Structures are given as C-alpha cells and as structure tokens.
Amino acid sequence: MLDPKYIREHAAEVKKNCARRNVKVDLDRFLDLDVERLELTRSVEALRAERNSVAAAVKGATDRDALVAKGKALKDDITAKEAELAEKEGEWKSILLQIPNLTHPETPDGKTDEENVEIRQVGKVVKMKDPLDHVALAEKHDLIDFARGAKVAGAKFYFLKGKMALLEQALIRFALDYLTKEGYVALSTPDLAKDEVLLGTGFNPRGDETQIYSIENSDLSLIGTAEIAVGGYHMDEILPEEGTPIKYAAVSHCYRTEAGTYGRESYGLYRVHQFSKVEMFIFCAPDQSEALHQELLRHEEEIFKMLEIPYRVVDICTGDLGGPAYRKYDLEAWMWGRGDGKGGWGEVTSTSNCTDYQARRLNVRVKSKDGNIQFVHTLNGTAIAVSRALIAILENHQQEDGSIMIPKALVPYCGFDRIG
RNA sequence: GGAGAGGUGGCAGAGUGGUCGAACGCGCCACACUCGAAAUGUGGUGUUCCUUCACGGGAACCGUGGGUUCGAAUCCCACCCUCUCCGCCA
C-alpha cells in the first residue's frame, strides 16, 4: 500500500497514476474518509485523555462517586466514537489497499499486455522443419503423464517422469548454485502461509477472483509463489542498514487455481495448478532498489543464456503491472508450441521492483546508523519456473532425429546430455 | 493428541489493579578522564499516530483478539506461539 500521508499530499498525482495503470479507485471517497477518520481520531484521543485524567484523580479523591460517574459516562462516549471510527477506518483501509503502487517514469503507457515494449532479443531461434510442441515431445519420450496427473489430482496436474523428473531437480540445483555464487542465500520455504502474509505481499486469498487455494477452516493458503513466504520472512522486523541488501534464492512449490484459463493459452505445462520454482527476493534500502532490479534482470538473462534458450526482454506497460509493482520486466522464451504452431514467445520469468509498497503492509523497515527508520524496498524475480523452463528446453533443443539435447550447463546436474 | 510451564524494550529479566512505557543489569550512543585504548564516571537510549514554527503536549502498543473496571502489563475468556514430559509419526 501507499503511504496515506503521501496520498493526502499528492492526491492529483496518485489519481493520475491510477488512471495510467487502468485501475479504478474512488480516490475522492478515500480523501473524504481520510478527513473524517482524522477528526474522529482526534476526538477519540481527547476523550481518552480526559478519561485517563479522571481515572488518575479517583484514587484518594473526596468526591470519588462523582468522578466514577464521570468516568462511566466517558467510557460510553468513547465506545460509541470508537465504533464510528472503526467503521470509517474499515472503508478507508479497503480503498487504500486498492490503490496501486506509483510507477517508474520510464514504464511504457498501455492498457493490456499487447502494449508491453520489447527491449531486446537474445539468442537465435533455431529453424526447424516440423518442430513438435512439448506435449508431443513428452509423449514421444514418455516424460510427462498428464492423464494420470488428472486421475490423481484433476486436470492441470501432471507427473514428471523419468529424465523429466531428474531434469526438474537439475534445474533447481543449477539455479541455486548460480545464485549462491552471486551472494544469494538459499531458502526452502513453507508451502502454506497465513492470510495475513498473503495480504501483506499483495495477494488476496479469499476474494472472488483469487488464484489462491485456501485451506478450509484455517487461516492458511497454499502459496502461489515463494515471494509470499519470503516476503513474510522479515515481517514486523527492523533490519540494520549495514546488513542490506538481503538476497534470497527461495525454492518452493507454487499452487494456482488458474480459474477460467483453460484453452490453447494454457496448453500442456504452460499453465498448471502446481509447479516448482526458484525465486529471487531482495530486501534493500530505498536507494538500492533501482540498481538491484537491473541485477535481477541480469541474473534471469544469464540463466537463460546458459540454458541456450532464445528469449526477449519485455518492459511491462502500466496497465499490465500488478498492484505492488513499480516497474516490471518479463523474459519471454521462444516456444514452438505457441502462436498456432508457428512458434511464439512465452513468459518464463518476471521481475518486479515493488519499492516500499509490500514493505509498508508487511511492516519491514531498515534502520540506518543515524537512527533513521524507513520502509525497505522489496524486489522479486523468477530464477527458474520449472514447468515453463522445461517447455522451453524441450521445444528449443529438439533435434531433427527427434531426440532432445540437454544444455551443457545442465548436464553436470542431471547426469545425461540427451533424451532419446 | 494429552499434561505442565511460559510469552514484558536490542538481549536478559522484575513487575500481579492506579505512583508503569514499564525497575535492575547487559548492550548501544554521547560526553569526561587518556597520547590512544581499556577500565571508570556522567548523561542518553522503543515504535506508531495526532498536535505544535519550535520547545512541548496528547493517544496507542507488555504474544493476538475480546471482556470486566472510573482505571488493566497486572483480573476473566478465546486463539496463536515457545519450552518440558508422555503418546504418535516421515
């Protein structure tokens, strides 16, 4: 969420930002409520101050009964005003949470993902006569069992089998090794998190449009990304500035309901209910986030270069940014199975600078040497989303003879250099 | 899952209805002493919000949420977490 004080003092700018991002929020209502809330707060506090002084005077007073009566009356006033305040504050908060983060000045304007801007393409797409998509390749080599996945857990679940199961572990370890050398601390996270943590990281676990599985009769949900678990890791903490930036490489399973996304766009492994992922997450001082965002992008590119997969970098436009993101880049890898069989780009990673938007909700702060305390900036980026990386590997490294070459960087981790 | 103990400031640890945002100690910061350091001494040292040009004033926070009371860290209820023992179990 944004700083309410900032919204109050920069209302026009915030309103314009919401419009740019194609987010509909009743900012005027928020500003009205903000005034009412402040007035009520002041009167509640004045009443409490009076109650406190009356209560302090009761002990040993001669007119004790009169003071007690006054105290009782004040108590009723306070209860009433507090209820009024709680109501206003509830509505105020719900609007506040809908207001998106500010936007990087260089972020391209646009309404949908079609207006995202390609920054560069890296690597060459190897032309093939009749490229197979990953589903066909997996069938040919018995690598993924969608039918039995559906039997066991329903549509959009799957078993990785044989060399594919080994490749999953190889990818994870490959990413962890690379990031560990770059100074990231490896983390294996809980697959469940409390609603409080979900909300803090900007995910709504129980709304109508949620992509999150929640556990009945509990305040727990299955995480959709390790970003949630790691975001909560330092919740309610004040970090010493000399310890920042703190960089994590977190491995977790990711669970997504993917409501209403069946069809060609979610074919095969592309959009599934569960997958494994190595996620980069950084907590840093505000002046570090811009450079670290570039660093995350560099790591993502480095990983796909090592996997020898052609990709392009996309600057996500205002309308396609999620609420918490200040700026976001995606890496899209070439996939033969997309674009009606002619091949196309498919998202494989995403990195966001969330500035202090998540940190304010999660209450994670940094304290500098001079005692100055501010909210940290948080950033996240995909190192490897296993299911989509597997699509890219299968479809780009298939050979004329139908076999699949394993990228050299991965061979030491999986122990074989080809499939088939 | 059962029985018991406990959750208080950076740490450790008192406080069991008003004089408590909270003792003592450690740590940390500043100053003094010193060529410098250690030791010693003196002072300071939580967060959030409201208000004030400022000095300052006010409110809230003692695991979380309710309740009792004129008044709650302190009493009551529920929940969460930690520790010890038993049971079960990768």
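Here is how names work: the chains are called A, B, and so on, in the same order as the sequence lines, proteins then strands, and each is numbered from 1. Values in this document were obtained by computation on a predicted structure and should not be read as measured data.
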Return yes if a side-chain donor-acceptor contact under 3.5 Å exists between [X] and [Y], otherwise no.
| X | Y | value |
| --- | --- | --- |
| A:D330 | A:N116 | no |
| A:E290 | A:H293 | no |
| A:H134 | A:Y267 | no |
| A:Q294 | A:Y329 | yes |
| A:S403 | A:R418 | yes |
| A:H253 | A:D191 | yes |
| A:E300 | A:T349 | yes |

When rounded to the nearest Å, what value does the distance between [atom1] atoms of [N] and [M] take?
| N | M | atom1 | answer |
| --- | --- | --- | --- |
| B:C75 | B:C86 | C1' | 32 Å |
| B:A73 | B:A22 | C1' | 8 Å |
| B:C76 | B:A5 | P | 13 Å |
| B:G2 | B:A78 | P | 14 Å |
| B:U64 | B:G7 | P | 13 Å |
| B:U52 | B:G58 | P | 16 Å |
| B:U16 | B:U68 | P | 25 Å |
| B:C62 | B:G57 | P | 23 Å |

Ring pair (Phe, Tyr, Trp, His ring centres under 6.0 Å) partners for A:H10, two or more places apart: A:Y6
Considering every strand shown, what is the Watson-Crick or G-U wobble mate of [N] when both distances are under 3.5 Å?
| N | value |
| --- | --- |
| B:A37 | none |
| B:C83 | B:G4 |
| B:U74 | none |
| B:A30 | B:U42 |
| B:A14 | none |
| B:U68 | none |
| B:C20 | none |
| B:C55 | none |

5′-ward residue of the pair A:K75/A:K194 relative to RNA chain B: A:K75
First encountered from the 5' end of RNA chain B, between A:G71 and A:S53: A:S53
B:U69 phosphate, OP1 or OP2, under 4.0 Å from A:K72 side-chain N/O: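 It does not, given that no N or O in the side chain of A:K72 lies less than 4.0 Å from OP1 or OP2 of B:U69.
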Below 4.0 Å: OP1/OP2 of B:G71 and any side-chain N or O of A:N52: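 It does not, given that no N or O in the side chain of A:N52 lies less than 4.0 Å from OP1 or OP2 of B:G71.
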Rounding to an integer number of Å, can you tell me how far [X] [atom1] sits from [N] [atom2]?
| X | N | atom1 | atom2 | result |
| --- | --- | --- | --- | --- |
| A:L74 | B:A59 | CG | P | 13 Å |
| A:R48 | B:A72 | CZ | P | 11 Å |
| A:D76 | B:U69 | CG | C1' | 13 Å |
| A:L47 | B:A59 | CG | P | 12 Å |
| A:E82 | B:C61 | CD | P | 10 Å |
| A:Q374 | B:U47 | CD | P | 14 Å |
| A:D195 | B:C80 | CG | P | 15 Å |
| A:K59 | B:C20 | NZ | P | 11 Å |

Residue pair A:L390 / A:I144, side-chain heavy-atom distance below 4.5 Å: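 They are not in side-chain contact.
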Listed nucleotide nearest any side-chain atom of A:V58, set B:G58, B:C70, B:A60: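 Between B:G58, B:C70, B:A60, the one nearest the side chain of A:V58 would be B:C70.
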Annotated protein contacts, base or backbone, on nucleotides 48-57 of chain B with a non-hydrogen cut-off under 4.0 Å, one of B, S, - each: S-SS------
Within the 6.0 Å centroid threshold, strictly below: A:W334 and A:Y311: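 No, too far apart.
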Check: A:Y248 ring centre within less than 6.0 Å of A:Y233 ring centre: yes
Criterion salt bridge (charged side-chain N to carboxylate O under 4.0 Å, His left out) on A:E91 and A:R29, from CA distance to verdict: CA-CA 9 Å; A:E91 195 189 341; A:R29 176 70 181 150; 2.7 Å; yes
Within residues 63-70 of chain A: residues closer than 4.0 Å to RNA chain B (heavy atoms):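 When residues 63-70 of chain A is checked for heavy atoms under 4.0 Å from RNA chain B, the hits, listed by number, are A:R64, A:V68.
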